Amino acid sequence: MLDLKFVRANLEQVKEMLRLRGYDLDMAGFEELDRQRRAGLAVLEELRHKRNKVSEQIAEMKKRGEDASAIIAEMKQVSSEIKDLEKRVAAVERQLRDLLMLIPNMPHESVPVGEDESHNQEIRVWGEIKEMDFEPRPHWEIGEGLGILDFSRAAKLSGARFALYRGAGALLERALINFMLDIHTKEHGYTEVLPPFMVNRACMTGTGQLPKFEEDLFKVAGWDLYLVPTAEVPVTNIHREEVLREEDLPILYVAYTPCFRSEAGSYGKDTRGLIRQHQFNKVELVKFSKPETSYEELETLTGNAEEILRRLELPYRVVCLCTGDLGFSAAKTYDLEVWLPGQGVYREISSCSNFTDFQARRAGIRFKRKGAKGTELVHTLNGSGLAVGRTVVAILENYQQADGSVVIPKALRPYMNGMERITGQ
RNA sequence: GGAGAGAUGGCCGAGCUGGCUGAAGGCGCUCGCCUGCUAAGCGAGUGUGGGUCGAAAGAUCCACCGAGGGUUCGAAUCCCUCUCUCUCCGCCA
């Protein structure tokens, strides 16, 4: 959520931003709602002031044993006026808030302007794409061939967009989770957390999934609970409605969770394989930082995610999302895209964003500077470090051999009980 | 699932026979004083959000004592609903 005062003072800039992001949001009502709210408040507060003053007066009269019935009768009238006005002001505030909740974050000035992903800016490319003396196959063929991925039985259990891993496949997934968590906790200074996988509406609103993206979520029937679409939600909300101490910042968390997404609106896209699942595993990095350092923190966070790809020796590139491709809550996002030879494309495997104070304002995450009065909103950041299922995809496709087997990346072998290669089973 | 207790400021904790309590007291924190360091001591200050005026500093008003309703001229204090925490019983991985 943007600051109301900011929107009021920079309305044209906000409208321009909406245009650049490709949002069709009518801001015409904003000024009128804002005006109504303030006008209503002025009258309301004056009435309340009167009520407070006269109430004091009544108390004094009663203490002296005087008769206050006339003045009480008059106040009865004022009280009902207040009640009416309160209802009307509350209604206007609700409309204003609803509108504000639909406005996306302001992109950082360094974000390239563009309508869609074709305008994303390539920042750097890492690793060498291996030449294969055979036609590389997509991961679903490799995985099914090795008996480590079983999509048809997964469909029997749960339908499309689910996967059943078995044997070395299941081990590979588990190994990657541990590998990633170990590097981020031991080498990058993150604290591991294991949050609930279901969260309430307040959490989803705090990080920006609600109210705008309800259809993307799985809701638990009969409960005020949603399955987490990313660990970003529970982990960022750890400090919801809290005042943090300056000396504790930045706070760095890493969490493994499964992620649940309805993938509404992506029918027909990536229907084969592990790329787009209703349930997938992810190791997520989350930071709470002071405003002045958040963009440096974004660089290091992105670097922390890249480190996993480097250790696994998977070729990738980093792109900066343009205004039209940027997520709702983000001010700046770097996507890490890993090379998939089976499909001959770079595919997103991590998305690292600075949300500035956008989520913090919604979620009430503040900090107090030493010696200063008052509190400030923190900046929140997060990034995948990495999406585990897609890492499996990348390993299967990049390390595939002509005979159908898959070599295990060296760094991962200790986590695979020393296994060097996955062969048919 | 049944019975009971509770939810107050950054933290702890009074108030809860309605009015002078935005809230005692303590801790923490900030500034000043004092002390050759440290500790202790003394004084002052220290919640959040919003409206109005002001260039600003600030002034002033309103709201907020888990959340939402209600009673009342007036509610942290009374009533109702919900959420969460704790204790006991039952059930269960």
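Please read all numbers here as calculations on a predicted model, not as lab measurements. Convention: sequence-line order gives letters A, B, ...; per-chain numbering from 1.
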Under 4.0 Å between any heavy atoms, over every strand shown, what does [X] touch: base, sugar-phosphate, or nothing? Just pick one.
| X | answer |
| --- | --- |
| A:L41 | sugar-phosphate |
| A:R35 | nothing |
| A:R37 | sugar-phosphate |
| A:D224 | nothing |
| A:K50 | nothing |

Does [Y] offer a backbone N or O that forms a donor-acceptor pair with the side chain of [X] under 3.5 Å?
| X | Y | result |
| --- | --- | --- |
| A:T236 | A:V233 | no |
| A:N382 | A:V286 | no |
| A:R390 | A:I275 | yes |

Separation of [N] [atom2] from [X] [atom1] (nearest whole Å):
| X | N | atom1 | atom2 | result |
| --- | --- | --- | --- | --- |
| A:L44 | B:C64 | CG | P | 11 Å |
| A:E86 | B:G50 | CD | P | 19 Å |
| A:N200 | B:C84 | CG | P | 9 Å |
| A:R369 | B:G28 | CZ | P | 24 Å |
| A:I82 | B:U72 | CD1 | P | 14 Å |
| A:R48 | B:C73 | CZ | P | 18 Å |
| A:R8 | B:U52 | CZ | C1' | 12 Å |
| A:E81 | B:C73 | CD | P | 15 Å |

Within the structure, does a side-chain N or O atom of [X] lie under 4.0 Å from either OP1 or OP2 of [N]?
| X | N | result |
| --- | --- | --- |
| A:R366 | B:U48 | no |
| A:K76 | B:C73 | yes |
| A:R38 | B:C53 | no |
| A:K83 | B:U71 | yes |

Base-pairing mate for [N] - Watson-Crick or G-U, with both contacts under 3.5 Å:
| N | value |
| --- | --- |
| B:C42 | B:G32 |
| B:A67 | B:U81 |
| B:C53 | B:G58 |
| B:G1 | B:C89 |
| B:A76 | none |
| B:U17 | none |
| B:G9 | none |

Pairwise [atom1] distance, [M] and [N] [rounded to whole Å]:
| N | M | atom1 | result |
| --- | --- | --- | --- |
| B:A7 | B:C82 | C1' | 14 Å |
| B:A63 | B:A57 | C1' | 25 Å |
| B:G47 | B:C11 | P | 14 Å |
| B:G70 | B:U85 | C1' | 26 Å |
| B:G9 | B:A76 | P | 15 Å |
| B:C89 | B:U46 | P | 49 Å |
| B:G25 | B:G45 | P | 11 Å |
| B:C31 | B:G18 | C1' | 40 Å |

Go through the side-chain N and O atoms of [X] and [Y] and say whether any donor and acceptor fall under 3.5 Å apart.
| X | Y | result |
| --- | --- | --- |
| A:D335 | A:S351 | yes |
| A:E297 | A:S289 | no |
| A:R310 | A:Y316 | yes |

Is A:R19 salt-bridged to A:E16, going by a charged N under 4.0 Å from an acidic O? yes
Between A:E81 and A:R51, does any NZ, NE, NH1 or NH2 come within less than 4.0 Å of an OD or OE carboxylate oxygen? no
Between the base of B:C20 and the side chain of A:K63, is one N or O donor paired with an acceptor at under 3.5 angstrom? yes
Answer yes or no: side-chain N or O of A:E45 and base N or O of B:G50 forming a donor-acceptor pair under 3.5 Å. yes
Give the nucleotide from the list B:G51, B:C61, B:G19 with an atom nearest to the side chain of A:K62. B:G19
If you assign A:N52 and A:T375 each to the RNA chain B nucleotide with the nearest heavy atom, which residue ends up on the more 5' nucleotide? A:T375
